[in-house]
Amino acid sequence: MASMLADPTREENAAARAELDRLWMRGTEFLGCRVAIMGGAMSWVSERHLVAAISNAGGFGVIACGSMYPDALAAEIAATQAMTDRPFGVNLITMHPALDDLIRVCLEASVGHIVLAGGIPPGGAVRAVKDGGARLVAFTPALVLAKRLVRSGADALVIEGSEAGGHIGPVSLNVLAQEILPHIRDVPVFVAGGLGRGEAILAYLEMGASGAQLGTRFAAASESIAHPRFKQAFIRAAARDALPSVQLDERFPVIPVRGLANDGTKRFLAHQADVIRRFQSGELSREAAQLEIEHFWAGALRRAVIDGDVEQGSVMAGQSVGMVTAEQRTADILEELVSQATTALIARRRLAVGLAIA
Ligand SMILES: Cc1cc2nc3c(=O)[nH]c(=O)nc-3n(C[C@H](O)[C@H](O)[C@H](O)COP(=O)(O)O)c2cc1C
C-alpha cells in the first residue's frame, strides 16, 4: 500500500514529481499551469474566489457562467483577473440564449480557454472561439463524437463519467476512458467524474489522459463561497448518497442530475406522480406536464449552494463526495492529490528496484 511507505527521501520525491510532470506535461502546457487539474465549473460555486484560489495554487480554475448574462460574466471575469494573474477558463452552456455575446465577452477579456458544455457546440460558436484566438475545450460522451469534435476544431476534450456531480451521461469514466483514451491522440483529453484521490488520476494519466477535472472536492474547499450547510452535507455524505435523479415515466423525460438524496429528491418523485396523474385525467396537456416537471428544480441549486437549504434545494455532488472529509484549503487539496500520485510512483519504483536486486 502506498500509504504504508517509509518516508520517501528527497531524491525519491523529486524523481516521482518529475515523472508525474512528464505524464501530464501535455495538460500543463495546454492549460499553462503547474498541475494539470482543472476545477470543473460548478454553477454558483465556481466564481472568482474558488477559481482564483485554484489557479493561484497551480491548478486551473474555470468560471461557471451558468445562467449569467454578458454584463455579469464580464464583471466576474474582471474580478477573477484582479485576484489572480494565472490562467483560468470560462465554462459556457451551449443552449444559453446569449451564447454568442458570452463568447465575445470572454474574448474581449482575453480569456484563453473557453469550455463549451451542455451538448455538442454549434459550428458558429466553435468558429467564434477559434477565430478569437481562444482555445476550445469540449465535452464528449462517446468516441465518434470525440473524433467529430477534434475534426471541427476542439483543442482539448473532457470525458466526464456518470460518477460526476451535476448533469451526467449514462457511462462511467472507467468505460469512457477505455473507449476514448487509446484512440484520441491529436488533442489532450482530461478525465472527470468520481475522482477524489491522486492514485486514480495517475492511473488515467498512464492510460493516456493529459490531466483531470474535479468538481465535488473543490466545492467544499475553504475558498468556496458555498454555504456552510452545503459543505457540511458534503463532509457527512458517502458515495452512495450521491444519486442520479429518477424519472418516473418514459413519456416525461428527466435530465439525469447526480446529487445528494434529500427531501427535495423525494418530493420530486411525488411531484412527477402528481403531474402524470393530472396528465392522465386530461387536466394537463403533454407539453404542460413536461414543463411542470422541468420547472420543479428551477432555482434549486442556488437555494442549496447560496441559501444553504440542503433539504429542499439541489445538492449536486459526485460519488467522489465520500472522499470529502473536511473543509480544506484549495492549495492543500491540490497538494494532497499530487502527493498521493507521487507516493504511488515511489512505491512502484521501490518495488521495481527490490525486484531487480532480488
Ligand atoms: C455543484 C455542482 C455544479 C456543477 N455545475 C456545472 C456546470 O454549471 N457546468 C458544467 O459543465 N459542469 C458542472 N458540474 C460538473 C463539474 O464541472 C465536474 O465536471 C464534475 O463535478 C466532476 O465530477 P466530480 O464532482 O466527481 O469531481 C457541476 C458539478 C457540481 C458538483
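Side-chain atoms are counted along with the backbone in the values below, which use heavy atoms only and exclude waters and symmetry mates. Both ligands and their constituent atoms are indexed starting at 1 by order of listing. In this text, all values refer to a predicted model and were calculated from it rather than measured experimentally.
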Do the non-hydrogen side-chain atoms of [X] and [Y] ever get within less than 4.5 Å of each other?
X    : Y    : answer
F218 : S224 : no
M68  : H96  : no
Q319 : R258 : yes
I77  : C106 : yes
I225 : W44  : no

Q: Would you mind telling me if ligand 1 is within reach of the side chain of V115, the backbone, both or neither, using heavy atoms under 4.0 Å?
A: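 It is neither; nothing of V115 touches ligand 1.
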Q: Answer side chain, backbone, both or neither: which part of H167 comes under 4.0 Å from ligand 1, heavy atoms only.
A: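 For H167, no heavy atom sits under 4.0 Å from ligand 1.
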Any N or O on [X] sitting closer than 3.5 Å to an N or O of ligand 1?
X    : answer
G194 : yes
Q319 : no
R217 : no

Pull out every atom of ligand 1 sitting under 4.0 Å from any heavy atom of [X], numbered as shown with elements.
X    : answer
G193 : 22 (C), 23 (O), 26 (O)
A117 : 11 (O)
Q213 : 17 (O), 18 (C), 19 (O)
G40  : 17 (O)

Pick, from [options], the option with the minimum heavy-atom distance to [atom].
atom                    : options          : answer
atom 24 (P) of ligand 1 : V321, L214, T216 : T216
atom 15 (C) of ligand 1 : G165, A164, G166 : G165
atom 28 (C) of ligand 1 : A41, G215, S43   : A41

Q: Linking directly or through intermediates, with side-chain heavy atoms under 4.5 Å: list the remaining ILVMFWY members grouped with L248, chain and number order.
A: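 Joined to L248, directly or through intermediates: V246, F252, V254, F268, L269, V275, I276, F279, L284, I293, F296, W297.
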Q. For residues Q312 and R267, is any side-chain donor paired with an opposing acceptor at under 3.5 Å?
A.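 The answer is yes; a qualifying pair exists.
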Where is the nearest protein heavy atom to [atom]: which residue, which atom, and how far?
atom                    : result
atom 11 (O) of ligand 1 : N91 ND2, 3.0 Å
atom 31 (C) of ligand 1 : M316 O, 3.5 Å
atom 18 (C) of ligand 1 : E160 OE2, 3.5 Å
atom 30 (C) of ligand 1 : M42 CG, 3.5 Å

(Q) Tell me if the CZ atom of R104 is crowded by more than 12 foreign heavy atoms within 6.0 Å. (A)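 Yes.
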Q.
Could you walk me through whether E19 and R22 satisfy the salt bridge (charged side-chain N to carboxylate O under 4.0 Å, His left out) test, starting with their C-alpha distance in whole Å, then the side-chain angles of each, then the deciding distance to 0.1 Å, before giving a yes or no?
A. CA-CA 5 Å; E19 172 74 356; R22 190 186 61 72; 3.2 Å; yes
Q) Does ligand 1 have any atom sitting under 4.0 Å from a heavy atom of V45? A)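 It does not; every heavy atom stays at 4.0 Å or beyond.
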Q: Would you please determine whether G66 falls within less than 4.0 Å of ligand 1 on a heavy-atom basis?
A: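 Judged by the 4.0 Å heavy-atom criterion, G66 does not count as contacting ligand 1.
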Q.
Between K130 and D155 (salt bridge meaning N to carboxylate O under 4.0 Å), is one present in this structure?
A.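 Answer for the salt bridge query: yes.
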Q.
Applying the salt bridge (charged side-chain N to carboxylate O under 4.0 Å, His left out) criterion to E336, which one of R217, R197, R329 satisfies it?
A.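 Single pass found, and it is R217.
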